[in-house]
A.B. asks: 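Pasting a structure below so you can have a look.
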Amino acid sequence: MVCLSEFCARDVAVVAEALIGATLTLDGVGGRIVETEAYAADDAASHSFNGRTMRNAAMFGPAGHAYVYRIYGLHLCLNITCGNGSAVLIRAIEPVTSIDAMRRRRGLEKVELLCAGPGRLCQALGVTAAHNGLSLDAPPFALVVSGALEPVVAGPRIGIRRAAETPWRFCLAGSRFLSRPAPRA
DNA sequence: ACTACGATGAACT
DNA sequence: GTTCATCGTAGTA
């Protein structure tokens, strides 16, 4: 496999789909990515749509880095940058490693819910605002993309008002770890 | 300075 | 299905 920055520096919808099945960890805590969304630069739903600002600066930095932002004043969301103002939101992970650490942060909870949602997975992995801009190809992060061709279903993105029909949410077909039911194929 | 509003999650009915 | 906590950011003045 080519290096991560090359993998990410492609069409953001292609990257979002290709990231399904990849393994993401932070300090060894993490698992398999099962749900993503693509946000392009020329995309009315994207934070980068109105140009570079203090908050979205990481989206305009190198591909393969973290873009972390706060939403609704309380939750954090983690994205993987794809260059030129585009990024992939990580919406759900299937917990694999250090599930005990996730439970310490999230409380005793069904494993299906530990990383089922962008805010939940940030809490479970221990993502903080200090991780904004860091490479996902170096500690404390590790991101290993899957060589296998995963069965993916696409549908509309969650929780946006503009460009609401664009089918840029990608889910691992049949996964029990999604933030919401997968769109019907 | 002021204001409106989120790429959400949890706790309700 | 509904409500609401909670605040940084960005747009406006």
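Every chain is numbered from 1, with letters handed out A, B, ... down the list of sequences. Because the structure is a prediction, the values reported are computed rather than measured.
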A.B. asks: Please give the stem ranges for DNA chain C, sorted by first residue number, where a stem is three or more consecutive Watson-Crick or G-U pairs and both donor-acceptor distances are under 3.5 Å.
C.D. replies: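 Ordered by first number, the stems with DNA chain C (at least 3 consecutive pairs each) read B:1-6 with C:7-12, B:8-12 with C:1-5.
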A.B. asks: Under the rule for salt bridge (charged side-chain N to carboxylate O under 4.0 Å, His left out), what residues qualify as partners of R32(A), not counting sequence neighbours?
C.D. replies: E94(A), E150(A)
A.B. asks: With side-chain contact (heavy atoms from CB on, under 4.5 Å) as the criterion, how do I33(A) and L143(A) come out once you've worked through the C-alpha distance, each side chain's angles and the decisive distance to 0.1 Å?
C.D. replies: CA-CA 10 Å; I33(A) 296 173; L143(A) 177 59; 4.1 Å; yes
A.B. asks: Which ILVMFWY residues are connected to Y69(A), directly or by a chain of links, through side-chain heavy atoms under 4.5 Å apart?
C.D. replies: Y39(A), M59(A), F60(A), Y67(A), I71(A), Y72(A), L74(A), L89(A), I160(A)
A.B. asks: Which of residues 153-176 of chain A have a heavy atom under 4.0 Å from DNA chain B?
C.D. replies: I158(A), G159(A), I160(A), R161(A)
A.B. asks: Which is true for R180(A) with a 4.0 Å heavy-atom rule: it touches a base, it touches only sugar-phosphate, or it touches nothing?
C.D. replies: nothing
A.B. asks: Output all residues satisfying salt bridge (charged side-chain N to carboxylate O under 4.0 Å, His left out) with R176(A), sequence neighbours left out; order by chain, then residue number.
C.D. replies: E112(A)
A.B. asks: Assess whether a salt bridge exists between D43(A) and R157(A), defined as any Lys/Arg side-chain N lying under 4.0 Å from an Asp/Glu carboxylate O.
C.D. replies: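 Salt bridge: yes.
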A.B. asks: Please report, rounded to the nearest Å, how far the C1' atom of dG9(B) is from the CZ atom of R105(A).
C.D. replies: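 For the pair R105(A) CZ and dG9(B) C1', the rounded distance is 18 Å.
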A.B. asks: Kindly write out the residues that satisfy side chain to side chain contact (heavy atoms under 4.5 Å, CB included) with A173(A), not counting sequence neighbours, or none if the list is empty.
C.D. replies: P151(A), V153(A)
A.B. asks: Where the side chain of R91(A) meets the backbone of P118(A), is there a donor-acceptor pair that is under 3.5 Å apart?
C.D. replies: no
A.B. asks: Enumerate the residues from residues 10-22 of chain A whose closest heavy atom to DNA chain B is under 4.0 Å, giving them by residue number; use none for an empty result.
C.D. replies: none
A.B. asks: Find every protein N or O atom lying less than 3.5 Å from an N or O atom of nucleotides 11-13 of chain B, and list the pairs.
C.D. replies:
none

A.B. asks: Taking atom C1' of dC7(C) as reference, at what distance in whole Å does atom CG of L76(A) sit?
C.D. replies: 12 Å
A.B. asks: Using a strict heavy-atom distance below 4.0 Å, which residues from residues 77-99 of chain A are in contact with DNA chain B?
C.D. replies: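 Those residues whose heavy atoms fall under 4.0 Å from DNA chain B, taken from residues 77-99 of chain A in numerical order, are N79(A), L89(A), R91(A).
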A.B. asks: Would you check if M102(A) and V111(A) make a side-chain contact, meaning some heavy-atom pair closer than 4.5 Å?
C.D. replies: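 The answer is no; the side chains never approach within 4.5 Å.
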A.B. asks: Could you tell me whether a side-chain N or O of N56(A) sits under 3.5 Å from a main-chain N or O of T53(A), the two making a donor and an acceptor?
C.D. replies: yes
A.B. asks: Do side-chain atoms of S146(A) reach the backbone of A148(A) as a donor and acceptor pair under 3.5 angstrom?
C.D. replies: yes
A.B. asks: dT8(B) P sits how many Å from L74(A) CG, rounded?
C.D. replies: 11 Å
A.B. asks: Taking 4.0 angstrom as the limit, do E35(A) and R169(A) come out as a salt bridge?
C.D. replies: yes
A.B. asks: Using a cut-off of strictly less than 4.0 Å between a heavy atom of the residue and any atom of DNA chain B, enumerate the qualifying residues of residues 110-128 of chain A by number.
C.D. replies: G117(A), P118(A), G119(A), R120(A)
A.B. asks: With clusters built from Ile, Leu, Val, Met, Phe, Trp and Tyr whose side-chain heavy atoms come within less than 4.5 Å, directly or transitively, what are the remaining members of the cluster of M54(A), listed by chain and number?
C.D. replies: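 Cluster partners of M54(A): none, it stands alone.
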A.B. asks: Rounding to a whole Å, what distance do you find between Y72(A):OH and dA4(B):C1'?
C.D. replies: 13 Å
A.B. asks: Mark yes or no for whether T97(A), through its side chain, and G28(A), through its backbone, hold a donor-acceptor pair below 3.5 Å.
C.D. replies: yes
A.B. asks: For H75(A) and dG8(C), give me the distance from atom NE2 to atom C1', rounded to whole Å.
C.D. replies: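 Rounded to the whole Å, the gap is 14 Å.
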A.B. asks: Counting only non-hydrogen atoms, which of residues 43-67 of chain A are less than 4.0 Å from DNA chain C?
C.D. replies: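 Contacting residues: N50(A), T53(A), R55(A).
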A.B. asks: CD of E35(A) versus C1' of dT8(B): gap in Å, rounded?
C.D. replies: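 Distance, rounded to whole Å: 13 Å.
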